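Take a look at the structure below.
Letters A, B, ... mirror the listed sequences (proteins, then strands); counts begin at 1. Computed from a prediction, not measured in an experiment: that's the story for all the values here. In what follows, every heavy atom counts, from backbone to side chain, and hydrogens, waters and symmetry copies are set aside.
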Number of protein chains: 2
Amino acid sequence: MDLHRLRYFVAVAEARSVGKAAERLRMAQPPLSVQIRKLEAEVGAPLFHRGTRGMDLTEAGQALLVRAGEALALAADGIEAARAVAAGRRGRISVGYMFVLANAVLPRLIPELRRSIPGVDLDFVDLSASTREARLLDRGVTVALCMPAIHHPEIQVARIGAQRFMLAMPNRSPLARIGAVPMARLQGRPLVALPPPERDPASSAVAALLRRHQIVMPIASRVETAHSAMSLVLAGEGFAILPACAKLGAPRGIVFRPLRDAADSIDIAVCWRRDSQSPLIPKFLKCAEKVVARL
Amino acid sequence: MDLHRLRYFVAVAEARSVGKAAERLRMAQPPLSVQIRKLEAEVGAPLFHRGTRGMDLTEAGQALLVRAGEALALAADGIEAARAVAAGRRGRISVGYMFVLANAVLPRLIPELRRSIPGVDLDFVDLSASTREARLLDRGVTVALCMPAIHHPEIQVARIGAQRFMLAMPNRSPLARIGAVPMARLQGRPLVALPPPERDPASSAVAALLRRHQIVMPIASRVETAHSAMSLVLAGEGFAILPACAKLGAPRGIVFRPLRDAADSIDIAVCWRRDSQSPLIPKFLKCAEKVVARL
DNA sequence: GTCAACCCATACGTCTTCGGTATGCCTATG
DNA sequence: CATAGGCATACCGAAGACGTATGGGTTGAC
């Protein structure tokens, strides 16, 4: 059956007259009459009582009218919903983020998103350095807030900010009494490290920093996340070199100190699949930029 | 928008390929491809990602798919519902009945209807002699169980049975000791009468019966229904001449006796609007005949 | 009682649109 | 580099929809 016919049927049922309905539909009366009869032929039963004063629904017609009206509304709603999703007025965006950024960014980012893209369902997924690439590629997340950026031919990157590396240590450590720690003071001290560069690019930035200053820090432990690193630091296992924003998630007893002669930083970036053309991505990017700019 | 296109869209979305969907729809691939592009033009946004391995819904497409599927199902359901109503497999029938018949007929009629036309909603409305005609004509009820039949050019009648007139009296009445009361014994006794013939045809049957036997019964009271009549009879106001079936609704203390030399009866009939072509009417009629035959 | 008005149904010509066939383009694969 | 698989484009024939003209039946007024 044809939605066109159903629309005509509804119009005639509402107007209780072929002529009136034709007028409302801006068409001639005869073709409308024909369409109604075709619909009746398809159903196999009369849908209207033909009186001398117009048309009146039969019970079969009433049964059809209810559903036809709903079907029309649903179809129209479907088209409109598709347009809304395409325009980014509705939809769903799944946001991946690395846990180090959570405390610094999410509390400001979430309200910003709700204000900027109301009607869009938000999903937040925390990513580890090793899974974030896969989650983007398999569309587990639409965008990812990364530190540092992902490099992959399928993935588009927008750098939205950077974080200075800082030294994290227990507040009882002697170095904690210095305002900014000279790099030389790190020589030979134990390091609580993140996964090796092939699994976490942050590590290679740290390694490059140390290499450039000819510092060797023996690796006391390797952990998966900045938070685990801070736990071990608090336990006295060693020092950690972490982006400044990690401070916001640090447990009591940890202090962060800048490195005096190292301006090294690690990028904060928004990453997404190059072929993902969701109109929500530019909007998300704008929000993220705004929030990160105020860090 | 056209339901045809939505159907094609759903097929392609499910097959995740234009070619496969075309095969399933038993049509060639190119026209299907064209229809999908037309739908996309109508929406104003792509609904599929074209990959080298087939088609994949965009988010806008997913939003449309859900509603399109429901719209299709609703439209199909609407057609089917109209067919079912036309065939009498579903629908609603509003049954009017006169209260005298209620106790005798309804307890058997209702289960019979539920068995015979399951899926049909039943509505029961009690009618008085004066309103039954109007209720049929204004479609307040689809059919009416009447006693006696209605005579009206717009109303079709099927006689399904008859009820002998009987004499109703208090059990303490001297006539109650007789098995069958001779008509002559009614001479001069007070009558509890129903509304006059112009409002209730049953009265004219009673009047005819009395006239034929040259009996005069002064009218003690006029009441609207057989039940009211029985109340007054119990109170000693007089006698009532009622159809046998009224006995089933009689209060304790009322007895019914046949009239020895009068075989007069009053018809039980099913009545409906001549232009009402509900397929449920013949089915209802069959049930009513079956039930009344066993009275 | 007849005539006009109203409303739906039918007939026919025109035009839109749909579906089929043939073919091209792109990409992945061996 | 050649082949295969998949979607897009071009063109043609056929079906269906719309418009105009007209018929038939009923209501209501003069």
* Measure the OH-CG distance between A:Tyr8 and A:Leu3 for me, rounded to the nearest 0.5 Å. => 11.5 Å
* Asked: Nearest-Å distance, CZ (A:Phe48) to C1' (C:dC8)?
  -> 12 Å
* In whole angstrom, give the distance that lies between atom CZ of A:Arg24 and atom C1' of C:dC7. => 16 Å
* Asked: How close or far is atom C1' of D:dG16 from atom CG of A:Asp2, stated in whole angstroms?
  -> 10 Å
* Taking only side-chain nitrogens and oxygens of A:His4, does any of them come within less than 4.0 Å of OP1 or OP2 of D:dC18? -> yes
* Asked: OP1 or OP2 of D:dA17 less than 4.0 angstrom from a side-chain nitrogen or oxygen of A:Arg5, does that happen here?
  -> yes
* Whole-Å gap separating P (C:dT16) and CE (A:Met27) -> 16 Å
* Asked: Rounded to whole angstrom units, what separation is found between the NZ atom of A:Lys38 and the C1' atom of C:dT10?
  -> 13 Å
* To do: Using whole Å, report how far CG of A:Leu3 lies from P of C:dC18.
  => 14 Å
* Please give, in whole Å, the distance from D:dA17 P to A:Leu6 CG? -> 13 Å
* To do: Would you name the heavy atoms of A:Arg67 and B:Leu74 that are closest together and state the gap between them?
  => CB-O, 3.7 Å
* Let me have a per-nucleotide readout for nucleotides 4-13 of chain D, 5' to 3', with B, S or -, counting only protein heavy atoms under 4.0 Å. => --SBBB----
* So how far is it from B:Thr131 OG1 to B:Arg199 CZ, rounded to the nearest 0.5 Å? -> 10.5 Å
* Approximate separation, where rounding is to 0.5 Å, of A:Met55 CE and A:Arg50 CZ -> 4.0 Å
* To the nearest Å, how far apart are A:Leu32 CG and C:dA9 C1'? -> 12 Å
* To do: Indicate the atoms forming the closest heavy-atom contact of B:Arg159 with B:Asp267, along with that distance.
  => NE-OD1, 2.9 Å
* Pairing of A:Arg89 and A:Glu80 as salt bridge, 4.0 angstrom limit -> yes
